[in-house]
Novice: 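Right, I'll just put the structure down here and ask away after.
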Protein chains: 2
Amino acid sequence: MEKLDDRKKKILQLIIEDYISTAEPVGSRNLARKYNLNLSAATIRNEMSDLELLGYLEQPHTSAGRIPSVQAYRLYVDELREKPNNLTKSDIEMIMSSFNDRQKSIDDIFKATAKILSRMTKNVSMVLADQDDTAIFRYIKFLPLDEKHAILVLVTDNGHVDNVTIDIPKGMETRELDYLANRVSELLAGHPLSDINEEILEAVHTNVAEDKVLFASLLATIRRMGRTRSKQKVFLGGTKQLLNQPEFQDVDRVRGLLGILDEEHVVRDLLNAGEDSGLRVTIGSENKFTGIQDCSMVRATYRLNGHVVGTMAVLGPTRMEYSKVISVMNYLHRYLQSIFAAENLPMLVREEE
Amino acid sequence: MEKLDDRKKKILQLIIEDYISTAEPVGSRNLARKYNLNLSAATIRNEMSDLELLGYLEQPHTSAGRIPSVQAYRLYVDELREKPNNLTKSDIEMIMSSFNDRQKSIDDIFKATAKILSRMTKNVSMVLADQDDTAIFRYIKFLPLDEKHAILVLVTDNGHVDNVTIDIPKGMETRELDYLANRVSELLAGHPLSDINEEILEAVHTNVAEDKVLFASLLATIRRMGRTRSKQKVFLGGTKQLLNQPEFQDVDRVRGLLGILDEEHVVRDLLNAGEDSGLRVTIGSENKFTGIQDCSMVRATYRLNGHVVGTMAVLGPTRMEYSKVISVMNYLHRYLQSIFAAENLPMLVREEE
DNA sequence: GTTAGCACTCTTTTGTTTAGAGTGCTAACA
DNA sequence: TGTTAGCACTCTAAACAAAAGAGTGCTAAC
């Protein structure tokens with residue numbers, strides 16, 4: 001691919017930015033008039049013609065202006081766009097006030113992130129919360145409830161608690177329950193929850209010969225807890241923002257995309273795809289997923305102590321305000337990192353819902 | 001309002017049903033041809049003219065057919081529609097399979113309800129879960145975590161558990177924590193969580209002179225738990241179903257309605273409005289809320305032991321399959337009642353998320 | 001290398017016509 | 001008196017045609 005000279009770059013940049021803000025194909029005459037380059041429409045026409053030949057511009061039809069190609073957006077994102085594009089004060093205030101509000105559980109933080117992200121970028125946002133499946137079993141304990149019921153709580157190393165109410169088998173005494181809990185705790189302590197599979201549970205079973213029914217339900221519970229814990233949670237924001245985009249004035253198109261976003265597993269796949277190397281922009285057909293190949297996605301992962309805790313993304317038309325989106329995501333990214341770092345895990349308030 | 005004779009009723013019913021299924025204004029000629037009444041188009045024309053005069057029909061313009069008025073729908077829902085309209089076997093199977101799937105938390109049940117409701121009625125569904133704010137404080141307890149942290153769990157009469165991780169004040173011993181928990185538990189036991197206000201907490205404070213910092217955070221936690229518990233939760237389903245409705249082919253209209261549904265408090269108000277007397281149909285302008293006055297809503301509350309535990313509703317165009325919607329809601333209603341009755345509260349698996 | 005000019009293309013807008021559906025009214029019929 | 005056929009009339013939606021507007025490519029001149 002040959003290098004573009006500065007003038008071509010400048011013109012291309014203007015075309016892209018004009019198209020991003022108007023959603024209309026941009027023509028030479030208009031471009032010349034609007035931004036006062038000291039060039040005539042004819043000259044620009046020639047340049048545009050070149051840019052089209054080089055694959056940066058496309059023409060919907062002969063008598064329309066031109067629109068940027070995926071290749072053009074790529075160049076724009078990587079090189080042309082003005083990098084800093086700092087957020088305005090009011091933007092930042094908006095973010096802060098949305099977060100500062102009140103005590104938030106970790107889920108609430110993600111939820112708020114999705115909301116802010118969509119509101120500020122005017123696009124669909126997606127946030128994936130990777131449940132911490134490295135949580136390590138610490139102990140279980142029975143809490144008394146009434147004569148017939150008790151609460152089984154499972155405590156993990158990072159201070160998360162899961163609980164279920166169980167039936168106390170007839171004739172079983174508190175002492176026995178406690179003994180059972182101790183034995184099981186001893187046997188399972190130190191195992192990552194995700195590791196507690198049938199095999200290990202079977203081993204525990206043979207080791208602890210106790211009331212069959214209770215024990216079975218106990219194991220089932222522990223298994224369920226492990227499973228639940230490791231599920232990735234998806235938060236979707238601002239799907240209705242789509243309706244404000246000119247490219248989604250067609251109800252059928254909206255339906256198509258919304259149908260896709262409705263499937264949680266698809267969204268999960270979307271967010272999980274590719275390596276999780278910081279901020280990543282995927283433009284139009286660069287995208288592997290059918291159905292969103294006329295969209296762009298900006299994605300970022302956050303980490304805590306090296307491992308991924310979450311992924312956020314903005315999805316919208318290829319004609320997207322990349323600079324703004326990237327700025328917002330960068331800011332949110334830094335902000336969340338700081339929250340996570342500060343509220344280090346055991347201190348996370350885990351609000352039951 | 002004068003009574004309609006049988007023939008008028010029959011004709012009105014047919015017009016309504018035809019309009020419901022086609023979304024097109026229905027004309028006399030078509031009506032005569034489609035359903036073989038032994039009447040000519042002209043006769044029907046006369047009857048329709050009468051019905052219009054009586055306020056049951058409206059004409060978008062002179063040369064179009066006629067469409068039912070709110071008054072007509074009202075009559076239809078109250079009297080004209082065929083009552084039993086049982087669900088098909090496949091409908092019921094669909095419902096059962098959606099529920100039977102796997103162990104569900106109470107939230108999951110509501111979530112599934114919203115999903116099923118929207119899928120089967122092809123309209124937006126809303127489910128309001130009234131959190132059980134009659135939950136009664138039973139006791140709190142500290143569970144050890146590490147040297148610096150402990151988990152505070154709060155147990156209520158119905159077996160729900162809330163928890164937070166707290167910092168252990170320097171120098172405080174486990175014994176002291178336990179003592180504190182016991183004292184506080186004694187003082188608060190039996191109070192409904194919703195009742196635990198500043199006053200009571202203050203009383204506890206003066207009664208138990210202990211570590212200031214810990215105590216303050218303890219009280220804050222209890223207060224927060226009470227607050228969280230009493231929040232009503234809203235589950236929305238099938239908002240994208242809107243896009244399939246002919247009346248929502250206009251993106252602006254979709255945006256309008258979606259904007260309203262986006263506001264959780266609006267949805268809450270919608271569902272809370274009016275008395276909670278079983279099943280209730282609100283048609284078009286009967287509705288008090290601006291923005292949905294060209295929609296109809298079918299709403300039902302479920303109760304357990306006399307008090308309301310939840311509300312579900314279907315929202316769609318006035319041209320709605322009332323019979324179908326009502327059947328589905330009735331069925332779901334009965335089904336959920338049975339679930340709630342069976343899984344009586346202490347047995348509800350409360351899945352932490 | 002840049003630009004003005006011009007013919008040409010294609011879409012969008014606007015206006016006009018036509019076909020179709022439905023109505024209301026009148027007169028005839030059972 | 002209720003029902004029906006017939007017909008003139010109204011209005012919309014679809015089809016078609018013409019005009020306007022935007023943009024291009026090319027050529028020739030600067």
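In what follows, chains carry the letters A, B, and so on, assigned in the order in which the sequence lines appear, proteins first and then strands, with residues in each chain numbered from 1. Bear in mind the structure is a predicted one, so any value in this text is a computation, not a measurement. Both backbone and side-chain heavy atoms feed into the values below; hydrogens, waters and symmetry mates do not.
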Novice: Would you tell me if any nitrogen or oxygen in the side chain of B/Asn30 comes within less than 4.0 Å of OP1 or OP2 on C/dA21?
Specialist: no
Novice: Which part of the nucleic acid, if any, lies within reach of A/Thr62 when heavy atoms closer than 4.0 Å are counted: base, sugar-phosphate only, or nothing?
Specialist: sugar-phosphate
Novice: Between D/dC11, C/dG24, C/dT11, which nucleotide has the shortest distance from any of its atoms to the side chain of B/Arg66?
Specialist: C/dG24
Novice: Could you tell me whether the side chain of B/Gln249 and the main chain of B/Leu243 form a donor-acceptor pair under 3.5 Å?
Specialist: yes
Novice: Nearest whole Å is fine: how far is C/dA21 P from B/Arg29 CZ?
Specialist: 9 Å
Novice: With a 4.0 Å limit, can you tell me whether A/Thr43 has a side-chain N or O closer than that to the phosphate oxygens OP1/OP2 of C/dT3?
Specialist: yes
Novice: Among the nucleotides D/dC11, C/dT11, C/dG24, which one has an atom lying closest to any side-chain atom of A/Ser63?
Specialist: C/dT11
Novice: Compare side-chain N and O positions of A/Ser28 against OP1 and OP2 of D/dT24 and report whether any pair is under 4.0 Å apart.
Specialist: yes
Novice: Between B/Glu47 (CD) and D/dT1 (P), how many Å, whole number?
Specialist: 16 Å
Novice: Checking contacts here: which listed nucleotide (C/dG24, C/dG20, D/dA5) is nearest the side-chain heavy atoms of B/Ser40?
Specialist: D/dA5
Novice: Side chains of B/Tyr35 and B/Asp18: any donor to acceptor distance under 3.5 Å?
Specialist: yes
Novice: Compare side-chain N and O positions of A/Arg45 against OP1 and OP2 of C/dG5 and report whether any pair is under 4.0 Å apart.
Specialist: no
Novice: Is a side-chain donor-acceptor pair under 3.5 Å present for A/Asp91 with A/Tyr331?
Specialist: no
Novice: Check whether the side chains of A/Gln245 and A/Asn123 place a donor and an acceptor atom closer than 3.5 Å, and report yes or no.
Specialist: yes
Novice: Applying a 4.0 Å non-hydrogen cut-off, can you work out what B/Asn46 is touching in the nucleic acid: base, sugar-phosphate, or nothing?
Specialist: base
Novice: Round to a whole Å and report the spacing from CG of B/Leu37 to P of D/dT4.
Specialist: 11 Å
Novice: Between D/dT3 atom C1' and B/Asp50 atom CG, what is the distance in whole Å?
Specialist: 14 Å
